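For reference, the structure is listed below as structure tokens.
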Amino acid sequence: MATDDKADDIHEVERKTYDIHAVEQKWQDYWLRDNTFHANDDSPKPKFYVLDMFPYPSGAGLHVGHPEGYTATDIVSRYKWMNGFEVLHPMGWDSFGLPAEQYALQTGVPPAITTKKNIDNFRRQIRMLGLAYDWDREVATTDPGYYRWTQWIFLQLFKNGLAYQTEIPVNWCPALGTVLADEEVTADGTSERGNYPVERRPMRQWMLRITAYADRLLADLDGLDWPEPIKEMQRNWIGRSEGAEVDFAVEGVADTLKIFTTRPDTLFGVTYMVLAPEHPLVARITTPAQAEAVRSYVTTASRLNDQSRTDATREKSGVFTGAYAINPVNGARVPIWVADYVLISYGTGAIMAVPAHDQRDFEFAKAFDLPIIEVVSPDATPRGVGETALTIEGVAVNSGAYDGLTTAQFKSRIAADLEARGIGKLAVKYRLRDWVFSRQRYWGEPFPLIHKADGSIVAVPEAELPLMLPEVGSYQVAGNGESPLATIEDWVSVKDPATGEEVGRRETHTMPQWAGSCWYFLRYIDPKNSDRLIDPAKESKWMPVDLYVGGAEHAVLHLLYSRFWHKFLYDQGVVHTLEPFQKLVNQGLILGEDGQKMSKSRGNVVNPDDVVAKFGADAMRVYEMFMGPLEVVKPWNTQGIVGCRRFLDRIYRMCEGPLSEDPAPLALRRTLHQTIRKVTQGIEAMRFNTAIAQMMILVNEAAKDPVRYREVSQTLVLLVSPWAPHVGEELWERLGHAPSIVKASWPTFDPDLCIEDEIKVIFQVNGKLRDDAMVPRDTSDEELERLAFESDKVLRHLEGRPVRKVIVVRNRLVNIVN
RNA sequence: GCCUGGGUGGCGAAACGGUAGACGCAGGGGACUUAAAAUCCCCCGAUCGCAGGAUCAUGUGGGUUCGAAACCCACCCCAGGCACCA
């Protein structure tokens, strides 16, 4: 009830000032009709490419979090237009995805229909906010004209050996008859939907060899203007580590056991070896006596999902194979174990265990009563084994001829020695894994691949792209882990047109949602090209993206996948920049009024439709930018918009009635120029909140003068127009100018005028404020000191003690220390 | 556990190492009005004081400095990310 009363109050405001909704509608219609924000490929002006992370068009429509980033880029776009740039600011739809498919399962409505409806709603809402997009360049990843090129890129990856099939363990849910993503599996190993048991089951998957680009993905981060934490997250995700590969002979077997270690300097401390349960050597080296125990352990390990497998707090488990390895540095005979704390997917899937200097090995050795040998000491003196592993770098002990070497010296010496003997070499490993690129779903891009009867896989000819996603009768999964596509025999079976004989069967997996979002920013540049992905001339005009704004939740996956594809396209000569996104900014989440994350279940979701209906799009835009710094997480407060609405109304009134053509009084002009400076710098630095505060200061000051000066009012309209474009256009027109205001020039400031000529200087005694005085700018140090000692308040606080020191900072303060 | 951010009034927040709390919300008082709304003006960190003013205050404890919200060390709390990666 209380909020309804507030809403009525606001409608009262509207009648008093102007018809907000009529004005907003008028200008939205104008922009569409005039195609105001069309980016001209042939423009001689310098380009500026501003990109938003395009949304998944969900059934729920926009929430107030979307417009935050969109408004930020919109302000920058409009500002750049006004500064003489040709701005590319497009919008589109990341429209493949699970929700539409799940909705289809429940209702039978095809995802294509649902998706179109949702896109229409998103487009309506985005236009309602007055965002300056070039609608001629709209793209949707579900459009065959778009995914044709997603498929084309995949084919190039395939042809270059960067796409391959493999059997990997996936989350298989027998009850649902489908494969689940990790996010769809709960911590206790059941499905999020329905709570059915989920098991690990090896299944055929398509993989992309992103690891082949690991070094470049890491190295090229350095040159990017991205938030440092995001770069750091990507570095950690890639996880480069330098070490050595060492071959251990296995007693009585021809096979060698290859391990990776970052601490080859601890080779003398090896007391056992560990193989991952999936390691191929396990079956070959296990002795008959241990066979049953090993088989049982391996089976148990295979049942655990990745989450519990990699839970570091679990107690160590493992089993002895009965086999022994020979340490190449000292000939020591060490037992080979199998344990699930070693992962098959990292390094060589096998380790040498040095319990004295690795915490995991230490815990394992304690659990199974294995020996622990100290080989590193901080100061060359052995100090015995303690209660934890000593993982520091230091000086070698108990290491034969290597004793006394520092860790770094040891590492380079041993690498050379092992290499000379042909049993080891320096090696670099990455934590990054290849990308599981297939999904057993309907609503995604089909793979343009055909499996032939002889087991070979051939690409669909490029001329036949797009390979259309067929309509399907039922969205139920096939039940055997294949996608619904597998049930459409007509589509799956590829027949020779002449003979009618089956020549092959189509791949029924589809691509993940990430695929379409990996390259959409390229298609905006040349959205209707049916001959190629992008015209090279246009590509070289617009790329790279100058500013990319979106949520930090995409810090790793989307941004890493996208960079990978971009580097591949660079290698293919499709694009001319090594990196797609020069500058990246993450907007912070907007929380509900209760300070909690907005969610339907909490009932704290704020709908932009309601906000715009009550306050108008301009007030909402200003408020979202006024709430605080863009990057910060902040709670929504509907009451707070009132102040922004008032601010816009006051600007409106400043432009009503007769305007004086006289120059404004000096003090007001000074504030005006300070405001131009602050707002200009604020947009450049994307500090939108303090820029608004400064405009409010100007409005407050201007209102004190009964005369309305054109100089002030008109400049203010220009300054505020990127935030409040409808008010901007309307007032610009009322002030006698032709639309659009983005074609007007951004105001400039006079730096001399920004400087005050009377300055308040403070007087401190022992660092505490005691008095102040107004003085002309650049008053000399001597004069300032003299004035300070004239102050009664200062003298009182000196309390007659002798002055020890006087610090004078010109135009700022005098501090007297006694 | 590790890596990032971040803790400032009732609330959202400002503050090149130099007057802490700009600007806005909420709150209080006043003007206008028959009345209300809108609008306009004033006050608004805490404590003490009639007041001039004083003292305290930016998560906690130390330190550097003439001077610290800001820089350094230790700790506590919150958010995000990673988590047996050899």
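Labels below follow one simple rule: chain letters A, B, ... track the order of the sequence lines, proteins then strands, and each chain is numbered from 1. Please read all numbers here as calculations on a predicted model, not as lab measurements.
Among residues two or more places apart in sequence or in another chain, the ring-ring contact (aromatic ring centres under 6.0 Å, His included) test is passed with Phe364(A) by Tyr272(A), Trp337(A), Tyr341(A), Phe368(A). Take Leu426(A) and apply the side chain to side chain contact (heavy atoms under 4.5 Å, CB included) test, not counting sequence neighbours, and it matches Ala415(A).
Among the heavy atoms of the strands, none lies under 4.0 Å from Val556(A). Contact annotation for Arg235(A): no contact, since no heavy-atom pair falls under 4.0 Å across all strands. Counting non-hydrogen atoms under 4.0 angstrom, Gln764(A) reaches a base of the nucleic acid. In this structure, Pro629(A) reaches the sugar-phosphate backbone alone: every heavy-atom distance under 4.0 Å involves primed, P, OP1 or OP2 atoms, never a base.
Salt bridge annotation for Arg653(A)-Asp649(A): absent, with no cationic side-chain nitrogen under 4.0 angstrom from a carboxylate oxygen.
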For the pair Arg810(A) and Asp778(A), evaluate salt bridge (Lys or Arg N to Asp or Glu O under 4.0 Å) and give the outcome as yes or no after the intermediate values. CA-CA 7 Å; Arg810(A) 193 171 292 200; Asp778(A) 294 332; 5.3 Å; no
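Taking side-chain N and O atoms only, Gln639(A) has no distance below 4.0 Å to OP1 or OP2 of C25(B).
Of the P atoms belonging to A36(B) and C32(B), the separation is 12 Å, rounded to the nearest Å. Here the separation of C84(B) from A69(B), taken at their P atoms, is 42 Å to the nearest Å.
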Do any N or O atoms of the protein come closer than 3.5 Å to N or O atoms of nucleotides 43-49 of chain B, and which pairs are they?
none

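Put simply, CG on Leu257(A) is 18 Å from P on A86(B), counting in whole angstrom units. Straight-line distance from the CH2 atom of Trp636(A) to the P atom of A26(B): 15 Å, rounded to whole Å. For the pair Met233(A) CE and A83(B) P, the computed distance is 11 Å after rounding to whole Å. Rounding to whole angstrom units, CD1 of residue Ile697(A) and C1' of G21(B) are separated by 13 Å.
Of the residues in residues 767-793 of chain A, Lys768(A), Arg770(A), Lys793(A) come within less than 4.0 Å of RNA chain B through at least one heavy atom, sorted by number.
In RNA chain B, consecutive stretches of 3 or more Watson-Crick or G-U wobble pairs with both distances under 3.5 Å are given as paired ranges: B:1-7 with B:76-82, B:10-12 with B:23-25, B:27-31 with B:39-43, B:45-48 with B:53-56, B:59-63 with B:71-75.
By the neighbour-count criterion of 12 heavy atoms within 6.0 Å, atom CD of Glu758(A) is densely surrounded, having more than that number from other residues, nucleotides or ligands.
Ranked by how close their nearest RNA chain B nucleotide is to the 5' end, Ile816(A) and Thr261(A) are led by Ile816(A).
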N/O donor-acceptor pairs under 3.5 Å from side chains in residues 682-697 of chain A, not counting sequence neighbours:
unit_1, atom_1, unit_2, atom_2, d
Glu684(A), OE2, Tyr79(A), OH, 2.7
Thr690(A), OG1, Arg687(A), O, 3.4
Gln694(A), NE2, Thr675(A), OG1, 3.1

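Here the options are Lys793(A), Glu790(A), Gln764(A), the test is side chain to side chain contact (heavy atoms under 4.5 Å, CB included), and the partner is Asp771(A); only Lys793(A) passes.
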